[in-house]
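All remarks here apply to the structure that follows.
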Amino acid sequence: MRTYLILVFSLLVSCTVLFSCQSLTDKQQSIQDSVEYLKLEHSYIEVRTMAHGLKVPWGMDYVNNRVLFTEIEGNVKELDLETGKVKTLLQLHDVFTRTTPGLLDIAIEKTEKKNPFVFINYTKKVDSAIVSSLVRYQYTGDTLINPKELLTVRGANGHNGSRLLIDKNNILYWATGDVANNKMAQDSTTLNGKVLRMTLDGSIPKDNPIPNSLVYAWGFRNIQGMAMNRLGNLFTAEHGDAIEDEINWVRPLHNYGWPLIEGGHDTEQEFAVARKTIMTEPMRAWTPVIAPAGLAYYNHSAIPEWQNALLLVTLKSQSLRVLTLNSDQHDVKQEHVFFTGRYGRLRAVLTLPNGDIFLSTSNRDWNPQPGFPKEYDDRIIRLRIHKKKVGTYLQEDTVGANHMMRNNGVLLYQNYCASCHKPDGKGVDRTFPSLVNSSTVKNMKQFSMLLLRGTTLKKEINGVRYEQDMASFSFLKDEELVSILNYVSKQFGNKKVTTVEELKNLRKKN
């Protein structure tokens, strides 16, 4: 009898485990099978999750019906587009990741051979120094082999860039960040704050614009996206400071201004700089900032409304932006915005030869937005033309005019402050300090000066050393600054308020 009961109990446990596993499989499959539809002017786009449960898929590239992608903590993985299966090709154990550093972009050689070169960029520590490393592998179809480090440049806790791109002639471009050092981007003898150009073995092409130098263009702060169109024009998406996120058309020997000029030339100080040194203005800039990330060029007939357009994904505004180019592909003539807040932070975008578009989310990184990460984050999402009309669909987003924010402390805080300090004012652990009961916020004069001047001081607060710079918000009108100051004080401080007159006096004195 005892033996019989044990057998029955074992069978029940086995069935329970089997049922649980089956339920999990069903749940995973339901996520994989979930489909939404986006309506354009004449077309419908199927929006389908192709992979989920990932950890910040930062970069993607395509080869032989597979998407190879990186995860920020050190994995290179492969998504088989025929089977839908994801497998790990490589695990790196020397990746340094904290907030934005880590295993970043990936690019694959344009070739018909079986074992193409694959390039990755990641941050690591050499002794106590942080460096950004460019490494070349060979892809066998099953794994990555024969690693060769081609180049290291200075790295940091932030502003490492970094995007990779290989053109049709197998020339490699590497966009490096300024590593939060305002001297690097304008120094054309250094490799930070630049777009670098090299052969696939890391050597300097003979036709580079500066002899014996990898530097192609300079004056960049923190490039997060890079794309090339059918004419060979190179474009980058760049994080501004508190203002002026940018899309740039990158040309050899051009200087894009940072940190002397940010965005377009629209202040007396910037005009004075531009009179002394020729600097190139962006094709498009955004204030408030949107935190641009991955960038791709689309020109496939599959989605006619998006032909001849740059596809830009964003982190702060959590959107896909379609930037239609003019006929010579040198200017943005229209901007359409989709998916705002629907899938969270979007990190990378990839276009495939058949016209499909792949997006990756970034909801398990250091700075998730309210409501994220979801249980199934992070994901890789496919956009594909859908031939039939559907009943329920998403539509293009309506972007509110900036003047609606003026003197509205809540909206101004959300647009300029909340991405770092969070809607509840509690900041990001060990990265951005809490505003709640902050001694700086309680001192209205000190708080006002901080917003006017910004700071590069690395302060220790409650035993935690904060190393992120604080941007100056002096570009805002007095009324807008006062609205932010008073909103933060009332919500998170000691309820003190200031006036426009008091702020004007501080500006005059400083």
Side-chain angles (χ1 to χ4, degrees), residues 57-62 67 69-70 100 104-108 119 121 160-168 172-177 194-197 216-217 220-240 244-251 256 263 280 282-286 289-300 303 306-326 329-339 343 345-352 355-362 380-381 383:
W58 210 98
M60 301 186 288
D61 206 353
Y62 173 82
V67 172
F69 63 94
T70 60
T100 59
L104 304 178
D105 210 11
I106 184 169
I108 303 173
F119 299 79
N121 162 245
N160 293 289
S162 151
R163 287 292 174 185
L164 301 173
L165 182 148
I166 299 176
D167 70 13
K168 62 183 180 182
L172 173 64
Y173 296 82
W174 183 14
T176 63
K194 310 293 187 299
V195 171
L196 307 179
R197 184 176 186 266
Y216 184 74
F220 301 103
R221 182 175 182 267
N222 193 20
I223 290 173
Q224 295 280 291
M226 188 158 56
M228 186 172 282
N229 68 11
R230 55 188 170 84
L231 298 180
N233 291 322
L234 183 66
F235 304 98
T236 58
E238 181 179 356
H239 280 202
E244 305 282 20
D245 285 341
E246 299 178 1
I247 294 289
N248 284 296
W249 170 30
V250 178
R251 285 152 284 175
Y256 291 83
T280 304
M283 295 169 57
R284 176 77 169 90
W286 292 267
V289 293
I290 59 173
L295 189 68
Y297 177 68
Y298 192 86
N299 198 43
H300 202 284
I303 306 176
W306 292 357
Q307 279 189 286
N308 191 35
L310 293 172
L311 307 182
L312 173 69
V313 290
T314 71
L315 301 168
K316 182 176 179 179
S317 58
Q318 305 172 61
S319 59
L320 167 68
R321 292 171 184 249
V322 179
L323 310 175
T324 305
L325 301 177
N326 64 358
Q329 303 182 0
H330 297 164
D331 288 298
V332 175
K333 67 177 185 179
Q334 283 185 314
E335 177 177 358
H336 300 275
V337 183
F338 304 93
F339 307 142
Y343 306 118
R345 288 159 64 86
L346 296 176
R347 175 65 67 176
V349 55
L350 174 68
T351 57
L352 268 59
D356 287 354
I357 299 164
F358 282 70
L359 314 176
S360 74
T361 70
S362 193
I380 291 177
I381 298 167
L383 277 58

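Note that this is a predicted model, so its numbers are computed, not measured.
Within the 4.5 Å cutoff, no side-chain heavy atoms of N248 are placed close to those of T280. Contact of the I247 side chain with the P282 side chain is not registered, since no non-hydrogen atoms from C-beta on lie closer than 4.5 Å. Looking at W306 and I357, their side chains come closer than 4.5 Å, going by heavy atoms from C-beta outward. For the pair S362/W58, no side-chain contact is recorded, criterion being any heavy-atom separation below 4.5 Å from C-beta on. In this structure, L295 and M226 have side chains that are not in contact, with every pair of non-hydrogen atoms separated by 4.5 Å or more. Y173 places none of its side-chain heavy atoms less than 4.5 Å from the side chain of V250. Residues F235 and L325 form a side-chain contact, since some pair of their non-hydrogen atoms from C-beta on lies under 4.5 Å apart. Put simply, the side chain of L234 reaches to within 4.5 Å of the side chain of L165, judged on heavy atoms.
Side chain of Q329 to backbone of N308: no donor-acceptor contact under 3.5 angstrom is found. The closest donor-acceptor contact from the side chain of T70 to the backbone of G59 lies under 3.5 Å. A donor-acceptor pair is defined here as one N or O able to donate and one able to accept, closer than 3.5 Å; such a pair exists between the side chain of Y298 and the backbone of G355. Judged by distance alone, with hydrogens and angles left aside, the side-chain atoms of N222 form no donor-acceptor pair with the main-chain N or O of H239 at under 3.5 Å. For D245 (side chain) and V289 (main-chain N/O), no donor-acceptor pair under 3.5 Å exists by modelled atom type. Between the side chain of N160 and the backbone N or O of G177 there is no donor-acceptor pair closer than 3.5 Å. In terms of modelled atom types and a separation under 3.5 Å, the side chain of D331 and the main chain of N326 share no donor-acceptor contact. With hydrogens and angles ignored, the 3.5 Å screen pairs a side-chain donor or acceptor of R163 with a backbone N or O of Q224. Within the 3.5 Å criterion, the main-chain N or O of P57 finds a donor-acceptor partner in the side chain of S360. In this structure a side-chain-to-backbone donor-acceptor pair under 3.5 Å is missing from S319 to T314.
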Apply side-chain contact (heavy atoms from CB on, under 4.5 Å) to R347 and V313, showing your working. CA-CA 6 Å; R347 175 65 67 176; V313 290; 5.8 Å; no
Can L359 and F339 be said to form a side-chain contact (heavy atoms from CB on, under 4.5 Å), step by step? CA-CA 11 Å; L359 314 176; F339 307 142; 4.2 Å; yes
Determine, stepwise, if the pair Y256 / R251 fulfils side-chain contact (heavy atoms from CB on, under 4.5 Å). CA-CA 10 Å; Y256 291 83; R251 285 152 284 175; 4.0 Å; yes
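Between atom CD of residue E238 and atom CZ of residue F220 there is a gap of 6.5 Å, rounded to the nearest 0.5 Å. Considering CZ of F119 and CG of D61, their distance stands at 11.0 Å, rounded to 0.5 Å. To the nearest 0.5 Å, the span separating CG on N299 from CG on N229 amounts to 8.5 Å. Of the inter-residue distances, the one linking L350 atom CG with D356 atom CG reads 10.0 Å to the nearest 0.5 angstrom.
Here the rule is side-chain contact (heavy atoms from CB on, under 4.5 Å) with L383, and of T351, I303, L311, L320 only L320 fits it.
Nearest heavy atoms, H336 versus Q334: NE2-OE1, 3.8 Å. Listed here is the closest heavy atom pair of N121 and L164: N-CD1, 4.0 Å. W286 approaches R321 most closely through the heavy-atom pair NE1-NH1, 3.5 Å. Nearest heavy-atom pair across R197 and Y216 is CD-CD1, 3.5 Å. The nearest pair of heavy atoms linking Q307 to H300 is CG-O, 3.1 Å. In this structure, L346 and A293 approach most closely via the heavy-atom pair O-CB, 3.6 Å.
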